[in-house]
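Working notes, beginning with the structure itself.
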Number of protein chains: 2
Amino acid sequence: MDIIRRNTDYALRAAVELAGRFGGEPVSTKEIADRQKIPYQLACKLMQRLHKAGIVKSTMGPSGGFILCKNPSKITVRRLVEIIQGPVRLNNCKLCRLSRCCTISPELTRLQGKINEFLDGLTLKQLADTNGAKKPAKSKRGGSKK
Amino acid sequence: MDIIRRNTDYALRAAVELAGRFGGEPVSTKEIADRQKIPYQLACKLMQRLHKAGIVKSTMGPSGGFILCKNPSKITVRRLVEIIQGPVRLNNCKLCRLSRCCTISPELTRLQGKINEFLDGLTLKQLADTNGAKKPAKSKRGGSKK
DNA sequence: AACTATAGGACTAATATAGTCCTATTTAAT
DNA sequence: ATTAAATAGGACTATATTAGTCCTATAGTT
C-alpha cells in the first residue's frame, strides 16, 4: 500500500517535466507520456485533471500542449497529491465517526499533520532541481526558448 | 486512500483492548470483536496474525483468549502496522526500479523515514492511556484480577 | 461427552485503482 | 477549405487490492 499512488506519481512526473521547461513552449501530452513512460491515454486524463485544477494552461491544436500556470516554486507536492488522489488520510475508521472515544485517531492525527506539513514544504521546483542535476533537460522540440 | 487500513485499525483497537487489561485474564476474540465492533470472523483472522507474529499469547478452550506477550510500552504501532498491512511505502513507482534518475523518490524517501520514526515512537501503552482516560475499563469478565 | 475457544485453509464479495475506447472540439499549417 | 495534431471528456473495462465469510480441525475445560 502506498501513500503516493501510481497515478499521482505519474502526475508528479508530468509536472516535474513541465517545471523543467518552465518559460518555454507548451509540451504535448504525447511527449510527456513518452518521456515519463506513462500510458498515453492515461496521461491525457491526468493532464486534464491538472488543467481543471488550474495547475496547467492548455493550448489546443498542433504545437499545442501544456505549461505550468505558476512558477514551480509556488506549486507544492501536497497540492498535486490532493488533486489526483485526494487528501492523505490516516485512517477512515467508522468508529471514529460514531463514537466519542476513538483511541486510535487522536495520536495519528498528529502524524497526519506532519505529513501534510512535509508535502506542503516540498515544491515542484525542488523536485525539478534534483532532477535537472541528473537529466540535463535536453529540449526536444524547438530548442531554445522562443 | 488511507495510510492505516481498516484491518490495521481493527488490529490496533484489539491490541489496545488487550493493553488495557494487561496483567489480567485472557480476552476472547468474541469479546474483543463485540467491544471494538469488528466482524467476528475477521477478528479471529487478525488475532491469528498477531499470534503468529509473537505479539499475543493464546490459550484455547473455555475461558481462553489472548493476552499481550510484552508490556504495552514495548509494543510499537509501527510493528503492528507492519504485521497487518506491511511496511508503509511512499510509492511503488516502476520507474524507480528501472531508471537511475528517479525525480520523485529521493525526497519522498525522507518523508517515509519520518513516518516510520513517528510510528516507532508510538506505543500501545500511549494509545491505551489516551483510551483509559475516557473509557474507564469496565471489566466484563471476572471482575478484578484473579 | 459436550461445550467453548483458537487455528487456519479456501474461498467470495466489495471496493478502489488503473487503464482503454471512442467521439467531439480547437487550432495551426498547407 | 482541408487536413492533421492536439486537448476535452464521457463511458466504459480490466485489474488489483482489501475486506469479509465459510467451513473444518484442534485444543482445553467442565
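Per chain, numbering begins at 1; letters A, B, ... match sequence-line order.
- Taking 4.0 angstrom as the limit, A/N7 places a side-chain polar atom (N or O) nearer than this to OP1 or OP2 of C/dA18.
- Between A/K30 atom NZ and D/dA5 atom C1' the separation is 11 Å, expressed in whole Å.
- Partners of A/N116 under the side chain to side chain donor-acceptor pair (under 3.5 Å) rule, at least two apart in sequence or in another chain, do not exist in this structure.
- Here the side chain of B/F66 is nearest to one of C/dA7, D/dT21, C/dC22, namely C/dA7.
- When rounded to the nearest whole Å, the span between CD of A/Q41 and C1' of D/dA8 equals 12 Å.
- Checking the phosphate oxygens (OP1, OP2) of C/dA18, no side-chain nitrogen or oxygen of A/Y10 falls inside 4.0 Å.
- Listed by residue number, A/K45 are the residues of residues 45-54 of chain A with a heavy-atom contact under 4.0 Å to DNA chain C.
- Listed nucleotides: D/dT7, D/dT21, C/dA18. Nearest to the side chain of A/L42: C/dA18.
- Nucleotide C/dA18 holds its P atom 10 Å from the CD1 atom of A/I84, rounded to whole Å.
- Partners of A/E117 under the side chain to side chain donor-acceptor pair (under 3.5 Å) rule, at least two apart in sequence or in another chain, do not exist in this structure.
- Among residues two or more places apart in sequence or in another chain, the side-chain contact (heavy atoms from CB on, under 4.5 Å) test is passed with A/K57 by A/T59, A/I67, A/C69.
- Not counting sequence neighbours, the partners of B/A19 by the side-chain contact (heavy atoms from CB on, under 4.5 Å) test are B/L68, B/P72, B/L124, B/A128.
- Residues that satisfy the side chain to side chain donor-acceptor pair (under 3.5 Å) test with A/T29, not counting sequence neighbours, are absent from this structure.
- Remark: A/R79 pairs with no residue by the side chain to side chain donor-acceptor pair (under 3.5 Å) rule, at least two apart or across chains.
- Taking side-chain N and O atoms only, B/R6 has a distance below 4.0 Å to OP1 or OP2 of D/dG20.
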Legend entry - Contact state string [nucleotides 25-30 of chain C, B base, S sugar-phosphate only, - no protein heavy atom under 4.0 Å]: BBBB--

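- One can place OH of B/Y40 at 13 Å from C1' of D/dC23, the figure rounded to the nearest angstrom.
- Computed from coordinates, the A/I67 CD1 to D/dT7 C1' distance equals 14 Å when rounded to whole Å.
- Taking 4.0 Å as the cut-off between side-chain N and carboxylate O, B/E17 and B/R13 do not count as a salt-bridged pair.
- Counting to the nearest Å, the C1' atom of C/dT4 and the CD atom of B/E31 are 14 Å from each other.
- In this structure, NZ of A/K37 is placed 15 Å from P of C/dG19, rounded to the nearest angstrom.
- In terms of the side-chain contact (heavy atoms from CB on, under 4.5 Å) criterion, B/K52 has no residue partners (sequence neighbours excluded).
- Here the side chain of B/R5 is nearest to one of C/dT6, C/dA18, D/dT18, namely D/dT18.
- Look at B/T29 and you'll find a side-chain N or O under 4.0 angstrom from OP1 or OP2 of C/dT6.
- The C1' atoms of five pairs define one axis at each end of the helix from C/dA1-D/dT30 to C/dT30-D/dA1, and these two axes lie 0° apart (to 10°).
- For the pair B/L50 and B/L18, the minimum side-chain heavy-atom distance is 4.5 Å or more.
- Minimum heavy-atom separation, A/L46 to A/Y10: CD1-CB, 3.6 Å.
- Listed by chain and residue number, nothing satisfies the side-chain contact (heavy atoms from CB on, under 4.5 Å) test with B/P62 (two or more places apart in sequence, or in another chain).
- With sequence neighbours left out, B/K30 forms a salt bridge (Lys or Arg N to Asp or Glu O under 4.0 Å) with B/D34.
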